[in-house]
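Notes for the one structure printed next.
Heavy atoms only: backbone and side chains are in, while hydrogens, waters and symmetry mates are out.
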Amino acid sequence: MARGRKWLGRPLVIGVLVAAVAGAGLGLYWFQPWKLWQDETVREALPSVVTPASTPPPAGAPSASSSPPRPRTLADGELISHEHATSGRVLLVRLADGSHVVRLEDLDTSNGPDLRVLLTDAPVKEGRAGWHVFDDGAHVSLGKLKGNKGSQNYTVPADVDLSRYTSVSIWCDRFDVSFGAAELARV
């Protein structure tokens, strides 16, 4: 027993133990493995613009018989799996007020650290060839992934030229890898 205490009292052994505990703590923070068992479900409706209350037109003015503009899908695509099994549908929608959103519908993917939604110009490739390409060219981060399941909306900044972007990726910024992606086909 005294021999074991003698080893534990040496500075080298203490240093190795401290380094091992610190390394395990950093590894847990970096990989966050508990997120694989935590699902976050988001159920957002497609945003709509509230129209002002209608007032009757002045006497003699023509009445407005047209209905207010509705959201319009400009492009869509199905998510394919990359690093993690991923499914769902992606829509690029122009809202009635002229703004745009990327909508994820029926998303189902793994949770992970630092997941983001990227609008990119990269082609969507199946398998490992498509895992790391989405931050190589032009891309816009639309924000952190709100949940790994469900339907959710991401506002596209007004200054983004949508003709430059052809795909959407669920991107893990910490490990520079795509969980899944969809090619946007114009409709």
Side-chain angles (χ1 to χ4, degrees), residues 30-50 69-187:
W30 190 253
F31 287 96
Q32 298 178 1
W34 57 88
K35 286 198 169 187
L36 290 173
W37 295 280
Q38 294 177 334
D39 288 329
E40 295 178 40
T41 302
V42 175
R43 291 188 178 93
E44 289 183 330
L46 183 63
S48 60
V49 177
V50 177
R70 301 171 60 84
R72 182 171 163 238
T73 300
L74 304 176
D76 67 356
E78 293 293 322
L79 286 162
I80 65 166
S81 298
H82 282 145
E83 173 70 19
H84 292 268
T86 301
S87 63
R89 186 169 176 222
V90 177
L91 305 169
L92 175 60
V93 179
R94 180 174 47 225
L95 300 176
D97 66 357
S99 65
H100 295 88
V101 296
V102 167
R103 178 163 173 81
L104 305 178
E105 288 188 338
D106 302 320
L107 174 66
D108 188 1
T109 191
S110 298
N111 205 343
D114 207 12
L115 294 180
R116 302 189 174 274
V117 177
L118 295 186
L119 185 60
T120 79
D121 68 349
V124 176
K125 300 175 185 174
E126 300 246 357
R128 291 184 70 91
W131 285 17
H132 302 283
V133 301
F134 296 101
D135 66 344
D136 293 344
H139 63 281
V140 176
S141 176
L142 301 179
K144 289 189 173 230
L145 187 69
K146 297 173 186 176
N148 63 309
K149 296 189 180 301
S151 297
Q152 47 211 271
N153 306 300
Y154 297 87
T155 302
V156 178
D159 62 344
V160 170
D161 177 6
L162 291 172
S163 66
R164 295 184 60 200
Y165 301 98
T166 58
S167 60
V168 171
S169 173
I170 307 301
W171 184 255
C172 180
D173 211 29
R174 176 151 311 151
F175 295 105
D176 291 329
V177 67
S178 173
F179 275 35
E183 192 83 35
L184 292 174
R186 304 292 174 186
V187 293

Please confirm whether the backbone N or O of [Y] pairs with a side-chain atom of [X], one donor and one acceptor, at under 3.5 Å?
X: Asn111; Y: Gln38; value: yes
X: Ser178; Y: Gly180; value: yes
X: Thr41; Y: Gly150; value: no
X: Asp114; Y: Cys172; value: no
X: Gln152; Y: Leu145; value: no
X: Arg103; Y: Pro47; value: no

[X] side, atom [atom1]; [Y] side, atom [atom2] - distance, nearest 0.5 Å:
X: Leu142; Y: Ser169; atom1: CG; atom2: OG; value: 11.0 Å
X: Asp135; Y: Ser141; atom1: CG; atom2: OG; value: 11.0 Å
X: Leu107; Y: Ile170; atom1: CG; atom2: CD1; value: 5.5 Å
X: Tyr165; Y: His139; atom1: OH; atom2: NE2; value: 8.5 Å
X: Trp171; Y: His132; atom1: CH2; atom2: NE2; value: 7.5 Å
X: Arg186; Y: Thr166; atom1: CZ; atom2: OG1; value: 8.0 Å

Under the side chain to side chain contact (heavy atoms under 4.5 Å, CB included) rule, what do Thr120 and Val133 come out as? Steps first, then yes or no, please. CA-CA 9 Å; Thr120 79; Val133 301; over 6 Å; no
From the options Leu104, Asp76, Asp106, select the one residue that forms a side chain to side chain contact (heavy atoms under 4.5 Å, CB included) with Arg89.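 Option passing the side chain to side chain contact (heavy atoms under 4.5 Å, CB included) with Arg89: Asp76.
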Per the side chain to side chain contact (heavy atoms under 4.5 Å, CB included) rule, which among Leu92, Leu184, Val102 passes with Leu162?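 When Leu92, Leu184, Val102 are each tested with Leu162, the side chain to side chain contact (heavy atoms under 4.5 Å, CB included) holds only for Leu92.
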Over all atoms of both residues, closest heavy-atom pair of [X] and [Y]:
X: Glu40; Y: Lys146; answer: OE1-O, 3.7 Å
X: Thr86; Y: Ser81; answer: N-OG, 2.8 Å
X: Arg164; Y: Ala138; answer: NH2-CB, 3.3 Å
X: Leu115; Y: Ser110; answer: CD1-O, 3.8 Å
X: Ala181; Y: His82; answer: CB-CE1, 3.7 Å
X: Phe134; Y: Leu118; answer: O-CD1, 4.1 Å

I'd like to check Pro71 versus Leu95 (side-chain heavy atoms, cut-off strictly below 4.5 Å). Are they in contact?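 Pro71 vs Leu95: side chains touch.
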Which word best sums up how the rings of Phe179 and His84 line up, parallel for under 30°, tilted for 30 to 60°, or perpendicular for over 60°?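 The rings of Phe179 and His84 sit tilted, inter-plane angle from 30° to 60°.
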